[in-house]
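Keep in mind that this is a model prediction, so the values were computed, not measured.
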Amino acid sequence: MSEEDFIELVRKAEEETVAHPRRYVTKLALFALIGYLAIFGVLFALIGLAGGLVAAAVFSTALFLILVKKKLIFVILIAIWVLLKALWVRFEAPEGYTLKRKECPRLFEEIDRLSKQLKAVRIHRVILDNNLNAAVVQHPRLGVFGWNRNYLIVGYPLMLTLSPEEMRSVLAHEFGHLSGNHSRFNAWIYRVRLSWLRIMAAFEHAESWGASMMRKFFNWYSPRFEAYSFALARSNEYEADAIAAELTSPQTAAQALVNVHATAPYIDDHYWKNYFRRADEVAEPPFAPFAGLAHFLNDSPFDREQMKARIDEEMQVQTHYANTHPSLRDRLISLGVETPEVSVTEVNAADEWLGDRGRQVMADFDREWLTANGEAWRERYEYVANARTKLKEMEGSDAAELSDDTLWDYACWTREFVSDEQALPLFLAFRERQPQATGCAFYIACILLSRDDESGLESLALARTNPNLIGDCARLGYQFLLDKGKREEAEAWWQDSLAQQEIFVAAHQERQSVSPKDALMKPEIEKERLGELIAQLKRMPNVGKVWLAQKPVRHMPEDPVYILAFKSKGIVFSRNKLQARVAESLDVDGRFFIVCKSGDAKAVAKRVVKKGSRIL
């Protein structure tokens, strides 16, 4: 579903909520039930098929024998199995640092009080993570059939940042989405929206034809349900804010919103970025990160001017259809309060609610972080030391005398360790050699746009032809044009980026797999690459004759897809393992599928032999 179609459907739904609210609610309920109808319709059809087979065996031996003789019974049984397997979608449960009731009684008292006041769902497990956020997540233990287990996920940095009253407001907002005190219908739609999105994502990664059938339905259904229910989902956010204000106060709810919006980027800029920069200077972290964060919040007064500037900037952001969450400005207007100043609490929720357990929590978080990131820290230190040494050796070099690889390193390291100003001439010199280099175009665009030079958009347009850069390019160009007051051009940039992204998605899907039904042709491959491919294959002892074919693709044909089929030779105990070993051993530029003539993919290999060329 394109963004334009999505927004158009959202707008129509918003108009309907105002003009005909009861009709909208009725249609939305029926629309929500369509998903259940599809799932249970398939389930009942399977039960009917199974019951029919049993009846055939019991009441009509002749019919049963005909089904067996014609092998129809096996087709039906396979269909039942495949569709049941498609419906049995498993979702991963949230994982993280689990808190127990007896260890943190104050926290669980708050959770129990909020659950009781709001008649909200029961929380089965409380998890701490390292985000500046909180959420109630429902994990369906029976996949598409539900039986939810409810998780409260709370960001430990959030608890360090907010006061107990502000943290209570945040939790009340999250519980409010699933409250029984307010609209049960809204809470149900909130859960259904999340369920269909998760189910669609789960079917996206399943491979059977039964899952493919369900995927096609949910790929059509889920985005349309999301769009039609968008208006209600956004009103849910306002309602959850109102619940938070009711259980604390409008001023507290507003203060929590402002503090979260301001402190998250402030902590990133003034603590985490400085902490990570230490990896450039020392081989090991100089102190534990979360203990350091707690000291930073206690001992480093926030720059009020910077914080005010952040909130002023945030208040300019308008509510958009990209997210059901309204803008900060609209949420504060809904609460009916003036924009409060950012405040720093003297007693944070972590100290108040975790109590003595808080020290152990901090120590555990620090130990886990250091274990998970220690190697990356050392790699960064070694990279910086090596880069700075080589950069010093290159200093003053004539770009014209350097190889392409050396010039590229020189430009990137200069930008990273010296300045954009000194790096720009080096990137421009590299672009003269390789005008279509998207990475180089991206760096040039970043430097020019940071100077408020609009000519950087031309380089950014080239950079977004790289699927790995399009997200950054879309956001960078959109924000630059928006800041210049060119809203229409910004929207056009965003839409063009979306169109490019759709091409990338289509190209990716074409390259995901190869089947016996795919059209194949003789390969069009450069002699050098073919020669390197043959040389590597000759060094593999169990590889005999080899054929190569090419899969025609509609999108991005400059990135071809090859299928290599080989015949095994010698003693081979597992042709599938040999196939995997050959795929892992080949080191040739390009996209290659590797199939063995006598393995599980022999049908594909047969097509390669027929349509391709023998190369070995």
Side-chain angles (χ1 to χ4, degrees), residues 99 101 104-128 131-138 150-156 158-191 194 232-263 324-343 345-355:
L99 296 177
R101 181 176 293 273
C104 308
R106 281 284 290 110
L107 171 61
F108 281 87
E109 285 174 13
E110 292 290 341
I111 293 170
D112 292 343
R113 184 182 299 113
L114 287 172
S115 296
K116 184 176 180 180
Q117 287 176 309
L118 294 171
K119 297 180 182 178
V121 295
R122 179 191 171 198
I123 299 297
H124 297 98
R125 189 174 174 189
V126 179
I127 293 175
L128 279 186
N131 296 312
L132 210 81
N133 201 358
V136 175
V137 175
Q138 295 190 299
N150 304 310
Y151 294 75
L152 172 63
I153 302 176
V154 183
Y156 181 54
L158 186 68
M159 295 187 72
L160 290 173
T161 302
L162 299 183
S163 70
E165 193 69 8
E166 291 163 358
M167 193 69 215
R168 186 176 296 114
S169 172
V170 171
L171 295 185
H173 175 99
E174 297 304 326
F175 280 45
H177 284 303
L178 303 171
S179 169
N181 273 355
H182 293 257
S183 171
R184 292 182 180 274
F185 178 77
N186 289 7
W188 176 61
I189 292 296
Y190 179 83
R191 291 195 296 270
L194 298 179
L232 185 67
R234 178 161 287 169
S235 72
N236 281 350
E237 294 299 331
Y238 288 120
E239 184 177 357
D241 281 345
I243 290 170
E246 181 184 331
L247 294 188
T248 55
S249 72
Q251 290 73 24
T252 299
Q255 190 69 65
L257 285 171
V258 165
N259 284 353
V260 170
H261 275 83
T263 55
T324 56
H325 283 79
S327 67
L328 176 62
R329 178 177 177 275
D330 287 347
R331 294 176 78 174
L332 293 178
I333 290 173
S334 178
L335 288 169
V337 298
E338 295 292 328
T339 307
E341 290 188 4
V342 177
S343 65
T345 181
E346 293 183 4
V347 178
N348 62 55
D351 291 340
E352 186 77 11
W353 290 357
L354 300 182

Sub-4.5 Å side-chain heavy-atom contact between [X] and [Y]:
| X | Y | result |
| --- | --- | --- |
| L354 | L99 | yes |
| W353 | C104 | no |
| L178 | N150 | no |
| R234 | P326 | yes |
| I243 | L118 | yes |
| M167 | T161 | no |

Salt bridge flag under 4.0 Å for residues R113 and E110: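 Result for this pair is yes, salt bridge flagged.
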side-chain hydrogen bond (donor to acceptor under 3.5 Å, both in side chains) against E165, all qualifying residues, sequence neighbours excluded: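 With neighbours one apart ignored, the set is R168.
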T252: what forms a side-chain hydrogen bond (donor to acceptor under 3.5 Å, both in side chains) with it, not counting sequence neighbours?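 T252 satisfies side-chain hydrogen bond (donor to acceptor under 3.5 Å, both in side chains) with S249 only.
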With side chain to side chain contact (heavy atoms under 4.5 Å, CB included) as the test, would you mind laying out the steps for L158 and N133 before giving the verdict? CA-CA 6 Å; L158 186 68; N133 201 358; 5.5 Å; no
Please name the residue in the list T248, N348, V258, N259 that meets the side-chain contact (heavy atoms from CB on, under 4.5 Å) test with E166.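 Between E166 and the candidates, side-chain contact (heavy atoms from CB on, under 4.5 Å) is satisfied uniquely by N259.
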Can you establish whether the number of heavy atoms outside E109 located under 6.0 Å from its atom CD is more than 12?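 Counting neighbours around CD of E109, more than 12 heavy atoms of other residues, nucleotides or ligands fall under 6.0 Å, so yes.
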Inspect the surroundings of CZ in R329 and state if more than 12 heavy atoms from other residues, nucleotides or ligands are less than 6.0 Å away.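 Counting other residues, nucleotides and ligands, CZ of R329 stays at 12 neighbours or fewer.
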By salt bridge (Lys or Arg N to Asp or Glu O under 4.0 Å), which residues pair with R101, not counting sequence neighbours?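 R101 satisfies salt bridge (Lys or Arg N to Asp or Glu O under 4.0 Å) with D112 once adjacent residues are dropped.
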Please evaluate residues V136 and Y151 with respect to the criterion side chain to side chain contact (heavy atoms under 4.5 Å, CB included), reporting the C-alpha separation (whole Å), side-chain torsions for both, the decisive distance (0.1 Å), and the verdict. CA-CA 6 Å; V136 175; Y151 294 75; over 6 Å; no
With side chain to side chain contact (heavy atoms under 4.5 Å, CB included) as the criterion, how do D330 and Y238 come out once you've worked through the C-alpha distance, each side chain's angles and the decisive distance to 0.1 Å? CA-CA 9 Å; D330 287 347; Y238 288 120; 3.4 Å; yes
With no hydrogens and no angle check, do the side chains of N236 and H177 hold a donor and an acceptor under 3.5 Å apart?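 Per modelled atom types, N236 and H177 side chains form no pair under 3.5 Å.
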I'd like to know whether I111 forms a side chain to side chain contact (heavy atoms under 4.5 Å, CB included) with F175, so could you lay out the CA-CA distance, the side-chain angles of the two residues, the decisive distance to 0.1 Å, and finally the verdict. CA-CA 9 Å; I111 293 170; F175 280 45; 3.9 Å; yes
